[in-house]
2 protein chains.
Amino acid sequence: MKLEYVLKNIEPLNAQVMEAAQKKLDNLTKPLGSLGKLEGMAKRLAGIREELIPSVKNKYIIIMCADNGVTDKGVSSCPKSVTKEVTINFTKGFTGVNVLARHAGARLHVIDIGVDADIQVEGVINKKIRKGTWDISEGAAMTRDEVIKAIEIGIEAVGELKEKGADLLGTGEMGIGNTTTSSAVAAAITGASVEEMVGKGAGLTREGYEAKIQIVKRAIEINRPNAKDGIDVLQKLGGFDIAGLTGCFIGAAYYRLPILIDGFISSAAALAAITIAPNIKDYIFTSHGSAEPGAKRIFQYLDMEPYLFLDMRLGEGTGVALGFHIIDAAIAAYSQMGTFNDANIEKYVPLD
Amino acid sequence: MKLEYVLKNIEPLNAQVMEAAQKKLDNLTKPLGSLGKLEGMAKRLAGIREELIPSVKNKYIIIMCADNGVTDKGVSSCPKSVTKEVTINFTKGFTGVNVLARHAGARLHVIDIGVDADIQVEGVINKKIRKGTWDISEGAAMTRDEVIKAIEIGIEAVGELKEKGADLLGTGEMGIGNTTTSSAVAAAITGASVEEMVGKGAGLTREGYEAKIQIVKRAIEINRPNAKDGIDVLQKLGGFDIAGLTGCFIGAAYYRLPILIDGFISSAAALAAITIAPNIKDYIFTSHGSAEPGAKRIFQYLDMEPYLFLDMRLGEGTGVALGFHIIDAAIAAYSQMGTFNDANIEKYVPLD
């Protein structure tokens, strides 16, 4: 599916179904609006799926795995080989996201979009564009063709999952160095300072942290991306992982599937996606508010609010897996609660 | 079980088991500490249950239902009869907490501790102390004997659930007018202003809101409770529902069961419980951060942090039901994730 075609064919939520959903919500046996954000979630899910009671049963977390050339500069506390090892470990069932996805009744859809190693393991889908991007602090991460291809791989993944009956999607990633690329992408688009965007990733020392800030600054200076062109920013400062997830967000809107943001990398991808196509925002849901400082800044910029705050900083899709429980709960409350007719009480409305 | 005896026999968490839990957490295949609060939850659960891998399977939400004399002053937008109707509706399976508890695999334990009506329905346990408290804006809500009895009913409920094999408890309530009593209890104990504590409950108008503030102020002035004596505060400003939940928190510590705070009323009960017995705090977990302003103030005072922010204001135990998913997820990650031995990678530690 061509990106250009997809971008032209994204439609808004179904307002009629959402109106019916609001009526249903207001007739449930509770004070008006008292289920808070659960109500908005249910309503939006109905508008996305164009069904009064949308199913959220078949859940998938798409995990984009790739290496990032900037790791040559020592921006991460982990050796690059961890990307390959963890990508393979996703097929073994014992990583954080494996356990939490299983617990949420979700399946993983693991894509090697650019890991710097040959991975031939059942359960890892080979969509490798190249064995890792180029170092963003030396020039563009990839070519224009490559970034479009990465986005289209994300769109295509959503299309395949839609075929398989997916109701609800989440985003995850594995790529050593990708908090650095995410910081660069997010700083470039939002205009926030690099200091606001850079965090300590998966356990960086003070020195490493300061070096990371300098590298992100250099990457932005050298590349001078067009902040209003999300594709340009991704090409120059992103990674295959981030661009692939950007494609997932765009694809979800095209295929009318709700999709959840995970941690910092995923939120940078959502930011890029919304920059490319502002009309997709209604298809996107938050989950965990990452402990990375940049994630907070991105959500402010997007005027979106996460609802889970557990100080997690693992990525992989772990925040999404927890968010799935909340989405499930929203639909459970919305579809199973009784109405005032059942409840033998007047509506809870102010008496005076 | 006598309150005095229980208070003398509460023991601290098992430090040895917690140390073993920390070792286990640090050897899981993830950056150190990257599961954030999930790690602290798992560790604390292990210390409470004195088991390296505690079960969280059998979950109960104890719902204390009672009427509050102060409703005579028009502090609520709902007629008092709603307390009775919703209490009965808990047995019909379609209220908010019914649906969300079912979704979390939890059962309800509904106690009529003081509803102003005769309720003879299977599924509502009759522990009625009296048909509603006296009006706190005219004098004490109850006698000293009654408040002790209410607390002991809560302790006893926990004991019964422990007998039934409960692993994890939550608190819920139903009582028209109980945001007023909770505001009074919380303002008295924390010393915060009544304006900070009073919210709009389940849909109060501006006038009703200001009247509510005056009533809470009058209640505190007339009763002059001893802020350091949680039992005195409950007797004068509380309700049977809040006092019953206070007993649940104390009982959970005595019986070594983890227990979750729900919304504003439940957090006021936890505040009273911790004022009575500061050593029980380690047994208590948060869940949803209520949209009621007073709830935020209570958590600040207790130095506790909720982790779910969904703007819900329904009470009943709905926040607990959502929190149960997170506790479940914490134990799933902690018990099912692989170790670095499985993972074929070095520990994620800074390289430099």
Side-chain angles (χ1 to χ4, degrees), chain A residues 28-38 74 77-79 81-82 85-86 88-89 92 94-96 98-100 102-104 202-205 207-208 291 305-314 318 321-322 325-326 328-329 332-333 336-338 342-346 348-352, chain B residues 28-38 74 77-79 81-82 85-86 88-89 92 94-96 98-100 102-104 202-205 207-208 291 305-314 318 321-322 325-326 328-329 332-333 336-338 342-346 348-352:
Chain A
L28 298 179
T29 170
K30 57 172 181 55
L32 272 179
S34 62
L35 283 174
K37 291 186 176 178
L38 296 186
S77 58
C78 293
S81 61
V82 170
E85 299 302 348
V86 175
I88 292 170
N89 286 338
K92 295 183 184 165
F94 60 60
T95 68
N98 283 115
V99 173
L100 293 176
R102 197 159 61 225
H103 178 249
L204 211 57
T205 59
E207 281 169 5
E305 280 183 343
Y307 44 85
L308 273 161
F309 292 89
L310 290 157
D311 294 336
M312 299 199 301
R313 44 184 175 78
L314 181 55
T318 48
L322 297 182
H325 290 288
I326 307 304
D328 263 348
Q336 296 171 30
M337 276 181 69
D342 307 320
N344 196 29
I345 45 181
E346 295 169 63
Y348 291 70
V349 287
L351 290 178
D352 41 354
Chain B
L28 298 179
T29 171
K30 59 170 180 58
L32 272 178
S34 61
L35 283 174
K37 290 186 177 178
L38 296 187
S77 58
C78 292
S81 60
V82 170
E85 299 302 348
V86 175
I88 292 168
N89 286 338
K92 295 182 184 166
F94 59 62
T95 68
N98 282 116
V99 173
L100 293 176
R102 198 160 58 226
H103 179 250
L204 211 59
T205 59
E207 281 170 5
E305 280 183 341
Y307 44 85
L308 274 162
F309 291 89
L310 291 156
D311 294 336
M312 300 200 301
R313 46 184 173 78
L314 181 55
T318 48
L322 297 182
H325 290 288
I326 306 304
D328 262 348
Q336 295 171 31
M337 276 181 70
D342 306 321
N344 196 30
I345 46 180
E346 295 169 64
Y348 290 70
V349 288
L351 289 179
D352 40 356

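Lettering of chains follows the sequences in order, A, B, ..., and the numbering in each one begins at 1.
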Student: Sort out for me which of B/Ala321, B/Gly36, B/Gly33 touches chain A most, counting heavy-atom pairs under 4.5 Å.
Tutor: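 Sorted descending by pairs with chain A, the first entry is B/Gly36.
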
Student: First locate atom CG of A/Asn98, then atom CE of B/Met337, and finally report the distance between them rounded to the nearest 0.5 Å.
Tutor: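 These two atoms lie 9.0 Å from each other.
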
Student: Would you check, one step at a time, whether the test side chain to side chain contact (heavy atoms under 4.5 Å, CB included) holds for A/Leu322 with B/Leu38?
Tutor: CA-CA 11 Å; A/Leu322 297 182; B/Leu38 296 187; 4.3 Å; yes

Student: Taking all atoms of both residues into account, what is the closest heavy-atom pair of A/Lys37 and B/Asp311, and its distance?
Tutor: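 A/Lys37 and B/Asp311 have their closest heavy atoms at CE-OD2, 3.6 Å.
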
Student: Specify the closest pair of heavy atoms between B/Leu32 and A/Arg313, including all atoms of both residues, with the distance to one decimal.
Tutor: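 Closest approach of B/Leu32 to A/Arg313, heavy atoms only: O-NH2, 3.0 Å.
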
Student: Please flag which part of A/His325 lies under 4.5 Å from any non-hydrogen atom of chain B: side chain, backbone, both or neither.
Tutor: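 Both parts, backbone and side chain.
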
Student: Is A/Ile326 close to chain B through its backbone or its side chain, or both, or neither, when contacts mean heavy atoms under 4.5 Å?
Tutor: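 The side chain, not the backbone.
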
Student: Is B/Leu100 close to chain A through its backbone or its side chain, or both, or neither, when contacts mean heavy atoms under 4.5 Å?
Tutor: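 For B/Leu100, side-chain heavy atoms alone lie under 4.5 Å from chain A.
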
Student: If you count heavy-atom pairs under 4.5 Å between each of A/Thr95, A/Asp328, A/Thr318 and chain B, which one has the most?
Tutor: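 The residue among A/Thr95, A/Asp328, A/Thr318 with the greatest pair count is A/Asp328.
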
Student: Output the distance between atom CD (A/Gln336) and atom CZ (B/Arg102), rounded to the nearest 0.5 Å.
Tutor: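 Nearest 0.5 Å value for the CD-CZ distance: 5.0 Å.
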
Student: Over all heavy atoms of both residues, which pair between B/Ser34 and A/Leu314 is shortest? Give the atoms and the distance, please.
Tutor: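 That would be OG-CD1, 3.6 Å.
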
Student: Tell me, side chain or backbone of A/Leu35 under 4.5 Å from chain B's heavy atoms, or both, or neither?
Tutor: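 Contact with chain B: backbone and side chain both.
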
Student: If you count heavy-atom pairs under 4.5 Å with chain A, which of B/Leu28, B/Ile88, B/Leu308 comes out on top?
Tutor: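 Result: the option with the highest number of such pairs is B/Leu308.
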
